[in-house]
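Data block below; observations after.
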Amino acid sequence: MEKNYSQNDIYKRRVYASEVLEKENKEILLKGWASAIRDLGNLIFVILRDCTGEVQLIAKKDCKSFNEIKNLRREDVLEVEGKVVKNEKSPKGVEVQIRKIKILNKAEPLPIEFSGKISTDLSKRLDNRFLDLRNPKNKKIFELKSKIVNFSRNFFYERDFIEIHTPKIVAQGAEGGSELFPILYYNKEGYLTQSPQFYKQMMQAAGFEKVFEIGPTYRAEKSHTIRHLSEFWGIDSEISFIESYEDIMNLLENMVCYILDKIKENCSEIIDYFNIKFPKYKKPFPRITLRDSFKLINRNGTDLSNEEEKLIGEKVKDKFNSDFVFITQYPFESRPFYTMKNAKNKELTDSFDLLFKGMEIATGGQREHRLEILKEQAREKNISLDSIKFYLESFKYGMPPHGGFGFGLERFVMQILNLENIREAVLFPRDVERLVP
Ligand code: 4AD
Ligand code: MG
């Protein structure tokens with residue numbers, strides 16, 4: 001719909017930096033930050049930045065705001081009136097001749113350099129995060145992250161899934177106890193949720209059949225790594241009446257390909273900005289058992305270390321030309337108690353990890369839906385049945401066979417954009433040392 005701006009009063013209409021090119025020879029009003037100032041004596045260039053990008057402004061000596069422009073400091077907040085004129089030498093091919101300038105707010109000297117011209121170390125950047133995010137490249141990470149969330153949500157909605165919201169304050173962990181954040185919940189001990197696992201399963205007992213959740217997850221990760229956060233966002237899904245964990249791999253693979261297709265269609269500008277190769281993906285993703293994946297790298301074990309995931313990622317890329325690979329059939333000893341054991345080999349489970357460029361981005365599988373076996377498996381892991389009573393209860397009155405996955409949003413963003421550290425994919429990351437800002 002056409003926006004109804006008064007024709008007589010052009011200055012009521014604010015123009016964004018990205019729109020300036022269409023406004024040649026027109027008088028416009030811009031608002032934004034002075035991201036760079038170049039004073040040549042009789043001539044001053046100002047680069048104005050707003051949420052859409054940058055535009056070059058120019059002031060000559062005869063401009064009535066010339067003295068104010070002389071005193072501008074980087075990152076002052078401005079309102080500018082001026083005329084758009086052609087200038088082949090300016091980055092956009094046009095520039096704005098300043099007629100009048102109003103300083104809406106002054107900026108103090110800047111504590112960090114965020115223009116990208118000099119590299120600033122990550123910890124300092126994170127300390128001054130709101131400034132760091134004025135760098136267009138850093139902001140683009142979050143433009144992409146926001147699109148990915150939207151695409152994934154569309155994927156599920158198009159397939160008639162129900163979006164659920166499970167409690168983030170809980171009474172127990174689901175994935176093993178050691179990584180829990182305890183909180184004081186009135187007079188009881190509670191925890192921040194480690195995963196929506198129990199609740200998304202209970203929604204299968206509720207008969208919802210197809211659910212997903214996009215939400216925060218908390219893990220008291222003790223180690224400092226480039227891929228672990230204390231607070232991250234998961235895209236979780238759980239579905240009923242599956243025939244095997246293959247159904248879950250198909251679902252996850254479809255979601256990943258859907259998101260990547262949409263990024264390709266709609267976000268090429270972001271991908272170009274990062275100058276990266278688009279991931280190689282084609283359905284079906286290669287599926288290799290954990291045992292065979294160890295053979296690929298001439299090793300052995302019950303779970304993959306970060307380094308082993310990386311080596312396997314490289315081998316798979318060479319062999320299958322795919323950036324994605326499912327590693328299947330992890331042994332029960334390295335999986336949570338709720339995981340379905342493999343029917344042929346009870347040491348193994350019907351579970352998988354999805355690796356993307358040699359890093360785990362998702363875990364999933366079929367769940368044990370038969371109460372007696374589930375209880376037995378909990379006992380095997382030394383979990384007190386009393387502590388998970390409410391969960392076990394939901395298996396008593398008709399729990400269908402089901403399964404699902406948990407997918408790490410920040411890991412996915414990190415791997416698409418080849419970021420060096422997962423913290424770059426979080427606005428205000430939380431880790432062992434960082435609780436502020
Ligand atoms: O592999 P995880 O621990 O699996 C679960 O939580 C299961 N409930 C999933 C299921 O449905 N069976 O976590 C899922 C994903 C990981 O693959 C990883 O991408 C991400 O969440 N993740 C983290 N991301 C950042 N920092 C951390 N500390 C993470 N821990 C897990
Ligand atoms: Mg996992």
Side-chain angles (χ1 to χ4, degrees), residues 145 148 152 164 166 168 170 172-181 192-204 211-239 242 245 247-249 251-252 255-256 290 302-306 308-309 324-328 330-332 334-340 349-369 391 402-416 419 421-426 429-432 434:
K145 193 175 178 182
I148 289 172
S152 67
I164 58 170
T166 62
K168 303 305 156 207
V170 297
Q172 73 306 301
E175 313 294 334
S178 62
E179 295 166 353
L180 285 166
F181 279 113
L192 297 177
T193 182
Q194 204 181 26
S195 126
Q197 185 66 34
F198 287 169
Y199 294 99
K200 64 179 181 171
Q201 285 191 256
M202 287 166 78
M203 297 323 291
Q204 309 313 304
V211 300
F212 77 101
E213 175 160 19
I214 303 173
T217 311
Y218 302 90
R219 304 263 171 107
E221 302 281 359
K222 275 165 207 86
S223 58
H224 245 299
T225 79
I226 53 144
R227 54 192 239 162
H228 287 95
L229 296 160
S230 307
E231 179 179 60
F232 66 93
W233 278 63
I235 302 178
D236 271 81
S237 180
E238 199 75 17
I239 55 174
I242 60 170
Y245 72 125
D247 293 340
I248 306 298
M249 286 191 274
L251 175 69
L252 175 54
M255 182 190 84
V256 169
L290 182 68
T302 55
D303 208 348
L304 296 173
S305 67
N306 298 353
E308 285 161 348
E309 283 181 1
F324 294 88
V325 58
F326 281 113
I327 309 296
T328 65
Y330 284 72
F332 184 70
S334 45
R335 285 310 212 210
F337 76 97
Y338 56 73
T339 316
M340 173 77 82
T349 59
D350 287 350
S351 71
F352 61 83
D353 272 10
L354 177 61
L355 310 190
F356 175 20
K357 295 186 189 165
M359 183 185 292
E360 176 199 331
I361 59 159
T363 291
Q366 180 158 4
R367 325 301 187 188
E368 181 49 68
H369 60 283
Y391 165 72
H402 64 277
F405 64 79
F407 174 93
L409 176 61
E410 288 83 7
R411 290 230 182 133
F412 188 56
V413 173
M414 173 185 183
Q415 292 303 78
I416 290 184
L419 305 178
N421 194 312
I422 195 166
R423 289 162 185 76
E424 294 191 65
V426 188
R430 294 288 174 258
D431 62 30
V432 183
R434 194 172 282 280

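In each ligand, atom 1 is the first atom listed, and ligand 1 is the first ligand listed. FYI, side chains are in, hydrogens and waters are out, and symmetry mates aren't considered; it's all heavy atoms of this structure. We're numbering straight along the sequence, starting at 1.
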Say whether [X], considering both its backbone and side-chain N or O atoms, lies within less than 3.5 Å of an N or O atom on ligand 1.
| X | answer |
| --- | --- |
| Gly365 | no |
| Arg367 | yes |
| Phe232 | no |
| Glu360 | yes |
| Ala362 | yes |

Starting at [atom1] of [X], measure out to [atom2] of [Y] and round the result to the nearest 0.5 Å.
| X | Y | atom1 | atom2 | answer |
| --- | --- | --- | --- | --- |
| Ile226 | Arg411 | CD1 | CZ | 9.0 Å |
| Ile164 | Phe212 | CD1 | CZ | 9.0 Å |
| Arg367 | Thr349 | CZ | OG1 | 10.5 Å |
| Leu252 | Phe352 | CG | CZ | 5.0 Å |
| Phe407 | Ile148 | CZ | CD1 | 7.5 Å |

Note: heavy atom closest to atom 5 (C) of ligand 1, options Glu238, Glu175, Met359, Lys200, belongs to Glu175
Which option wins on minimum heavy-atom distance to atom 28 (N) of ligand 1: Arg219, Gln197, Glu221? Glu221
For [atom], the protein heavy atom that lies nearest, with its residue and separation:
| atom | result |
| --- | --- |
| atom 18 (C) of ligand 1 | Arg411 NH1, 3.6 Å |
| atom 4 (O) of ligand 1 | Thr363 CB, 3.7 Å |
| atom 14 (C) of ligand 1 | Gly406 O, 3.5 Å |
| atom 26 (N) of ligand 1 | Leu229 N, 2.9 Å |
| atom 19 (O) of ligand 1 | Ile361 O, 2.9 Å |

Among residues at least two apart in sequence or on other chains, which ones pass salt bridge (charged side-chain N to carboxylate O under 4.0 Å, His left out) with Glu221? none
Asp350 with Arg335: basic N within carboxylate O range, under 4.0 Å: no
Please lay out, stage by stage, how Glu175 and Arg219 fare under the test salt bridge (Lys or Arg N to Asp or Glu O under 4.0 Å). CA-CA 10 Å; Glu175 313 294 334; Arg219 304 263 171 107; 5.0 Å; no
Heavy-atom side-chain contact between Met414 and Glu424 under 4.5 Å: no
Test item, Phe412 contacting ligand 1 (heavy atom, 4.0 angstrom): no
Given ring-ring contact (aromatic ring centres under 6.0 Å, His included), test Phe181 with Tyr218 step by step and report yes or no. CA-CA 7 Å; Phe181 279 113; Tyr218 302 90; 7.0 Å; no
Smallest separation among heavy atoms of Ser237 and Leu251, with atom names: OG-CD2, 3.7 Å
Tally of protein N, O or S atoms, where distance to the Mg ion (ligand 2) is under 2.8 Å: 2
